[in-house]
Amino acid sequence: MKANQLLLLQQLYGKVLIPRAVYRELTENPVYTEEADVIKRAGYVSVVETENEKAVNILRAWMQVRAKHLFCMMNKKQTFC
């Protein structure tokens with residue numbers, strides 16, 4: 001969102017599906033009202049219910065590992081990675 005590249009997702013995939021929890025996270029934080037408005041107006045973004053909780057947990061764990069790795073790369077703290 002901060003990179004103003006949400007439209008790129010539409011160009012690449014057509015329709016963007018996001019879990020309800022992600023939608024809430026993106027639209028309910030009062031600090032990011034402008035970003036929330038962009039998400040709410042994006043007709044190509046659809047909110048879906050999560051059906052496979054195990055898959056969600058696996059993806060969440062993978063994302064945490066990737067985020068830590070990215071943080072280490074950005075801060076060049078290879079000793080912690």
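No experiment lies behind these values; they were computed from the predicted model shown.
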Is any side-chain heavy atom of [X] closer than 4.5 Å to a side-chain heavy atom of [Y]?
X: Y32; Y: L26; answer: no
X: V48; Y: I18; answer: no
X: L8; Y: Y13; answer: no
X: K54; Y: I58; answer: yes

>> With a 6.0 Å cut-off (strictly less than), is the heavy-atom count around CD of E25, excluding the residue itself, greater than 12?
In response: no

> Looking only at heavy atoms, what is the nearest atom pair of Y23 and I39, with distance?
Replying inline: CE1-CG2, 3.7 Å

>> So which atom in S46 and which in K15 form the shortest heavy-atom distance, rounded to 0.1 Å?
In response: OG-CE, 2.9 Å

> Is there a donor-acceptor contact under 3.5 Å linking the side chains of T27 and K40?
Replying inline: no

>> With clusters defined by side-chain heavy atoms of hydrophobic residues (ILVMFWY) lying less than 4.5 Å apart, directly or transitively, does L17 cluster with V22?
In response: no

>> Which residues pass the side-chain contact (heavy atoms from CB on, under 4.5 Å) test with E49, not counting sequence neighbours?
In response: R20

> Taking only residues two or more places apart in sequence or in another chain, which ones pass side-chain contact (heavy atoms from CB on, under 4.5 Å) with E51?
Replying inline: none

>> Applying salt bridge (Lys or Arg N to Asp or Glu O under 4.0 Å), can you list everything that pairs with R24, at least two apart in sequence or on another chain?
In response: none

